[in-house]
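These notes concern the structure reproduced below.
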Amino acid sequence: MKITLFDGTVKEFEQGSTAKEIAKSLNQKLGKTALAAKIDGKVVEVDTPITQDCTLEILTFEDEQGKKALWHTGSHVLAQAVKRLFPDAKFAIGPATDSGFYYDFDKETPFSNEDLSKIEKEMKKIVAENIPIEKFTLGRSEALEFVKNEPYKTELILDLPKDAVLSFYKQGDFTDLCAGPHVQSTGKVKVPKLLRTAGAYWRGNEKNKMLHRIYGTAFLSQKELDEYLEQMKQAEERDHNKLGRELGYFTTHAAVGQGLPLIMPKGAKTIQVLQRFIEDEEEKRGYVLTKTPYMAKSELYKISGHWDHYQDGMFVLGDEEKGEEVLALRPMTCPFQYMIYNAQQHSYKDLPIRYGETSTLFRNEASGEMHGLIRVRQFTLSEGHIVCTPQQLESEFMGVVDLIKYVMGCIGIENDITYRFSKWDPNDAKKYIGNPQLWNEVETVMRGILDHIGLSYKEAVGEAAFYGPKLDIQFKNVFGKEDTIITVQIDFALAERFSMTYVDSDGVKKMPYIIHRSSIGCYERTLAMLIEKYAGALPLWMMSEQVRLMNITDEAAAYCQEFAQKLRAYGVRVTVDDRQEKIGYKIREARNERIPYMLVAGEKELAEKTFAVRKRGQGDIGGMGQQELLELIVKQIAEKVIF
RNA sequence: GCCAAUGUGGCUCAGUCGGUAGAGCAGCUCAUUCGUAAUGAGCAGGUCAGCGGUUCGAAUCCGCUCAUUGGCUCCA
């Protein structure tokens, strides 16, 4: 039979050869490191016999799917260890993740840290035993008989089609219902490591029982594991929640409340700089400003549908049952800007109208959801709504994407973002307003636009807003966890609810399209992301302190003050450190604070009208004259140069 | 909201068996006029997250609350 290999070459092999045998014949080492195989695009065990012509790719730990096969087996080794140590535990599911694996167990008492070390020890034993992993299949009724003591496995089987053939994997004293694929023996897992325990609802539904989940990972050598753990430790150092507090960007206080961070002067300055930049940029791009109330009567949210869909997420004031007026703090700005639109009659000639507002919003997040500056109860967003005709939709959408790309470039994260096309979930229709036909129509329109402007995106079912599909701009934080920083939505439902119209050229009133959009997302979250991305060393143009001048002698202090005044006149944010401290000490402090420019003056500089210049990340870059320095710094700020 | 862990000066941490709190850094004061990652001395700073209980006595044991962290669920 003919096998087309990864690099495109075609080779002849004996029928029935396994992927492993083929790998071995190609390269002795590959035969040893092979963890799984991809046959005609399908990932299977490496010892699967191949019976006909196909394409074949050998997967090792270097490949995403090879890694996952190993980690998946890791989860079975974990389950086997738990079965040996805690025979009463019931088994749910145990998949591989992007960075390891987990397994969910139902057990009377949670796993303690001591349990975890015991389990890890047992796992190492199982790895050392190098137990072969054998796959077998059963029909439905035999399978049900086989798992009769495992309620969760039984439920899984009952939910599969009646004629499904169920695969099981056996490794010594442990057998698990599983779709695979797996590596060939427990020994391949090499160096397993358990990381933490967590609670997790059975099947991800909060109405179900909470199970005990154990997270772990595995590597081929202790060295690789150590490197991974070290990497995690370094990520922790960059965590905005730690670093942001250390550097004085924000703080929290128990008496203020959860999800209500106090932004300190440094953070507030950066946010103000970003906000001014966005407001100016939006003005250049034809946005008009609105300023709307922080709260409204429940009436408004009843029209928008938020009252039915998100009442739990709103801060509601006033008790209806006591006959009080019921108000709610705004969780978004849309209905307010719609009211502004509706205050006047509009012609097609008025469109598009681009409303923008730096908008503070309030959302009553559940207590367990709050996290640093990422998930908060009050935040400020560059929010905007574009009202346009159907013909204008595409060009307006492009304009929004163009603005976002420009902004992302200015803050230096254009290569760190990915796009996600968030669609509704037809199987969960009650979460949304509007009928399926309309949803399909609008999603088709949106996909058309995305494809036309050539964005590469991944699709996500069930991530849409309740009133329309979204383009989400995603950013991965230091721990690899993805968060939405910006969303753009096409709204086809709220215009109707708010009876928004424009008079078209034929004199007929028609319903406009609305684009909900942000250009930088919420400022708190953006600040968090920037702190993590730059490890606190934010780009020059948005640093609250851009230049610090330091004198060596008192005589030079006046000289520093003088130049500081000059820089300030050009809008540069500068401070002077004229304390009587050693210069090395002053520099150390400025470095710890990630100050972009340190200008040092002593006798020599005083005489020559220069400064010894230290640039963040580069150290000493030599002496520079005042005029030269002024021009350089002002230019770099204006051009938003990133270093 | 759910499952867990954690909570000692601004920060990092020590505090044994329950006997009444300790260090380094930061801060302040004084001295030092100093050349690129820590000058010296002194001072101040804590109801041990809060409340309640057990006890002759609680940072330590128990309960509740609050906050933080890791997950789950949620995220207009």
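All values below come from the heavy atoms of this structure, side chains included, with hydrogens, waters and symmetry mates left out.
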Base, sugar-phosphate, or nothing for [X], non-hydrogen atoms under 4.0 angstrom?
X: A/Tyr585; answer: sugar-phosphate
X: A/Gly313; answer: base
X: A/Tyr102; answer: nothing
X: A/Tyr467; answer: sugar-phosphate
X: A/Arg213; answer: sugar-phosphate
X: A/Lys604; answer: base
X: A/Ala465; answer: sugar-phosphate

d(NE2, A/His371; P, B/U6) in whole Å: 20 Å
Side-chain donor/acceptor contact of A/Arg375 with base of B/C75 under 3.5 Å: yes
- request: Would you mind telling me which residue lines up with the more 5' stretch of RNA chain B, A/Met370 or A/Lys431, judged by nearest nucleotide?
  value: A/Met370
- request: Using the closest heavy atom to pick a nucleotide of RNA chain B for each, name whichever of A/Gly372 or A/Arg591 lands nearer the 5' end.
  value: A/Arg591
message: With a cut-off of less than 4.0 Å, is there a side-chain N or O of A/Gln258 near OP1 or OP2 of B/U68?
response: yes
message: So, does A/Lys207 get its side chain near the phosphate of B/C2, meaning an N or O under 4.0 Å from OP1 or OP2?
response: no
field: Nearest-neighbour nucleotide for the A/Arg588 side chain, B/A76, B/C72, B/A38 considered
entry: B/A38
message: Please check this pair: side chain of A/Arg616 against backbone of A/Phe643, looking for a donor-acceptor N/O pair closer than 3.5 Å.
response: yes
message: Between A/Thr526 (side chain only) and A/Ile520 (backbone N and O only), is there a donor and an acceptor less than 3.5 Å apart?
response: yes
task: Measure up the A/Phe611 and A/Tyr559 rings against each other and bin them: parallel (under 30°), tilted (30 to 60°), perpendicular (over 60°).
output: parallel
field: B/A21 and B/G46, which share atom name P, separated by this distance in whole Å
entry: 13 Å
